[in-house]
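Atoms considered below: every heavy atom in the structure, side chains included; atoms not considered: hydrogens, waters and symmetry mates.
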Amino acid sequence: MSTKKKQSFLGGAAILASAVAIVKILGAVYKIPFGNIVGPKGQTYFNVAYNIYNVLLTISTAGLPLAISKLTSQAHTQGRENQKRKIFSTAIWLFFAMGLVGTLLMFFGAEQLAAFMNEPLGYWPIRALSPAVFCVCLLACMRGYTQGQGNMTPTAVSQILEALCKLGLGLALAWYFLRLGMGLDIAAAGAILGVTAGTFLSLLYLIFYLLRHRDRRTSLDVPDSGGKLMRQVLAIGIPITLSNSAMSIITLVDTKIVLGRLRDVPALADSAAELFGQYTFGMNLINLPPSFVFPVTMSLIPFAAAALTRRDHAEAGRIVSSGFRLVAVLAIPAGVGLSVVGGPALLMLYPSRQADALAAGPHMRWLGIACIFMCLMNLTNVILQTYGKELIPIWTVIAGGVTKVVMNYILVGNPDINIHGAPVSTLCCYVVIVGLNLFFVWKHSPEKPHYLQIFLKPVIASVLMGGAVWAAHGFFDRALDRLFLGMVSGERAVERAAYLSNASATLLGILAGVIVYAILVVTMRILRAEDLKTMPHGTQLAKLLHLR
């Protein structure tokens, strides 16, 4: 492998966290132009395939690469080069077999899988995504191997390459297939091909990297047998895989139930894919704030873990409380803002799908608040894992998932509620998870976090900010409507003027909210200087804001 010095723990964690944040943001951004191109039906076909892929992906890549990373790290620390090579050569065949089985299952079982998901037109997207399972399995093994040697850069580069290819090629193919007059299912398959091509490109990059940085030095250590290494990989990886698969499986089952219950209502059967796609328009938007909050949660891990290793429980408690305050300062106003102007924001982001965006607007009142709990779920899961309570998030996620599945079955199946029950069940799902997580964080923290002190000020500031956003948007929307509509004539010109008026009012409303909230954060002293220590340039930012 490379003769470069091993990256520091914090440096490697920062590289990986930054890459994951970039990938999450690119993934969230990708879905907005994609929704404009294929609309809600095409998005449903895409989601059906991707949810199946995500389950297979989680099963094959959630825990086993971590096992390879851990075993490789141990061998690397001991200087056992032959052991490292034997770990990789043994594990790569396991991942080869899993990837091949997953690919064959999706390719030849595409029709049965689409029928199982209650969406027959998901057939071609499922088949187009099938080769990605094989590529991702091999990628996971290679990433675990390089990470085990303390080198996070190959993983980071390969993940970003994958996301960029999905964004560029996937959107281009979806648009091109529609221009050729093909159906929305084929356009969704085109977008899925961008994902498949991205995994293939990333695989080529990692193969080239490993060949170029191959360490040809001789070593005298005697490696363990392949059977023993395989048993070690499975013993470490299977429990982690089972825990991380819970949410993917619940999401898959939930998608099946929502589509199935919509089709059970005779009046909605033909529009089930469209209604579910409109709901996912809102989900695309609320997935953005957690992508930005993710680096904050990731930055906690090394600092809190280091404090716990030193048995400095007071410092670990301060870090946890700082993490809560940072996430509260970022997530609560984002969720309130989305709840207040989420509908107008959808109209702004989906100009070619105005009717669908308008139909999806009411979902945002619930999903905006759900966004807050999504961010808090990520944070509390990380805290519990840092405290060594890895099993607790599994059970809380299962509890939330069961809540979501049961509520969707009841609410979505009601003809008077139908798809409007989905955002309600989503909110309740995350409320259950976060409520349980907060209890267990408090229970297992040596230094008990004071939740009222942490959340009260951000909630007050966010409510005041939400009022400012609502008032500013309403004022500018009425004023600009009169201004723009008075200057044009003709149906298309009126539509453009209405869009421009809404977009301008939405952006001005958000700007007003940002200004009001920034002033409130400083004047109410919501943040402390210590809260910014783990962030890049946090010390300078604290001085700029006069935080103590």
Side-chain angles (χ1 to χ4, degrees), residues 15-54 57 61 103 106 122 124-140 142-143 153-209 277 280-281 283-285 287-288 290-292 294-295 348-353:
I15 289 171
L16 202 54
S18 299
V20 172
I22 291 170
V23 168
K24 283 178 173 287
I25 292 167
L26 286 174
V29 170
Y30 160 85
K31 291 180 180 177
I32 293 172
F34 175 64
N36 275 295
I37 293 170
V38 302
K41 283 187 178 180
Q43 195 150 265
T44 296
Y45 306 147
F46 179 96
N47 285 336
V48 163
Y50 202 84
N51 287 341
I52 295 169
Y53 166 74
N54 204 36
L57 184 69
T61 66
T103 290
M106 285 190 70
W124 281 113
I126 292 171
R127 181 162 275 192
L129 192 53
S130 59
V133 180
F134 179 74
C135 294
V136 166
C137 282
L138 296 181
L139 274 171
M142 296 175 187
R143 287 168 178 170
T153 302
T155 295
V157 173
S158 65
Q159 287 177 334
I160 294 171
L161 278 175
E162 191 177 333
L164 287 173
C165 193
K166 171 185 172 182
L167 183 65
L169 182 62
L171 292 177
L173 286 174
W175 175 83
Y176 180 68
F177 287 162
L178 281 181
R179 284 292 301 268
L180 292 178
M182 297 182 179
L184 289 172
D185 56 332
I186 304 299
I192 288 280
L193 282 175
V195 178
T196 300
T199 60
F200 182 70
L201 180 64
S202 297
L203 180 60
L204 288 181
Y205 163 76
L206 272 180
I207 291 172
F208 175 76
Y209 181 91
T280 59
F281 274 12
M283 289 299 298
N284 292 342
L285 199 53
N287 282 330
L288 278 170
S291 300
F292 289 100
F294 181 80
M348 177 181 69
L349 293 171
Y350 293 97
S352 62
R353 302 286 175 178

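Annotation: ring pair (Phe, Tyr, Trp, His ring centres under 6.0 Å) contacts of Phe34 (sequence neighbours excluded): Tyr30, Phe46. Under the ring pair (Phe, Tyr, Trp, His ring centres under 6.0 Å) criterion, Phe177 pairs with no residue, sequence neighbours left out.
Interatomic distance, Leu173 CG to Leu193 CG, rounded to the nearest 0.5 Å: 6.0 Å. Separating the CG atom in Leu204 from the CG atom in Leu139 is a distance of 9.5 Å, to the nearest 0.5 Å. We find the CG-CD1 distance between Asn47 and Ile52 to be 11.0 Å, quoted to the nearest 0.5 Å. The distance from atom CD1 of Ile186 to atom CG of Leu180, rounded to the nearest 0.5 Å, is 11.0 Å. Here the CG-CD1 distance, from Leu138 to Ile207, works out to 7.0 Å after rounding to the nearest 0.5 Å.
In this structure, the side chain of Ser202 does not engage the main chain of Leu161 through any donor-acceptor pair within 3.5 Å. The backbone N or O of Tyr50 lies less than 3.5 Å from no partner atom in the side chain of Asn54, so there is not a single donor-acceptor pair. Between the side chain of Arg353 and the backbone N or O of Ile37, at least one donor-acceptor pair lies under 3.5 Å.
Residue pairs meeting the salt bridge (charged side-chain N to carboxylate O under 4.0 Å, His left out) criterion with at least one member in residues 169-191, sequence neighbours excluded, do not occur.
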Taking it one step at a time, do Gln159 and Arg143 satisfy side-chain contact (heavy atoms from CB on, under 4.5 Å)? CA-CA 10 Å; Gln159 287 177 334; Arg143 287 168 178 170; 3.7 Å; yes
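Aromatic rings of Phe208 and Tyr205 (six-membered ring for Trp) have centroids beyond the 6.0 Å cut-off, not under it.
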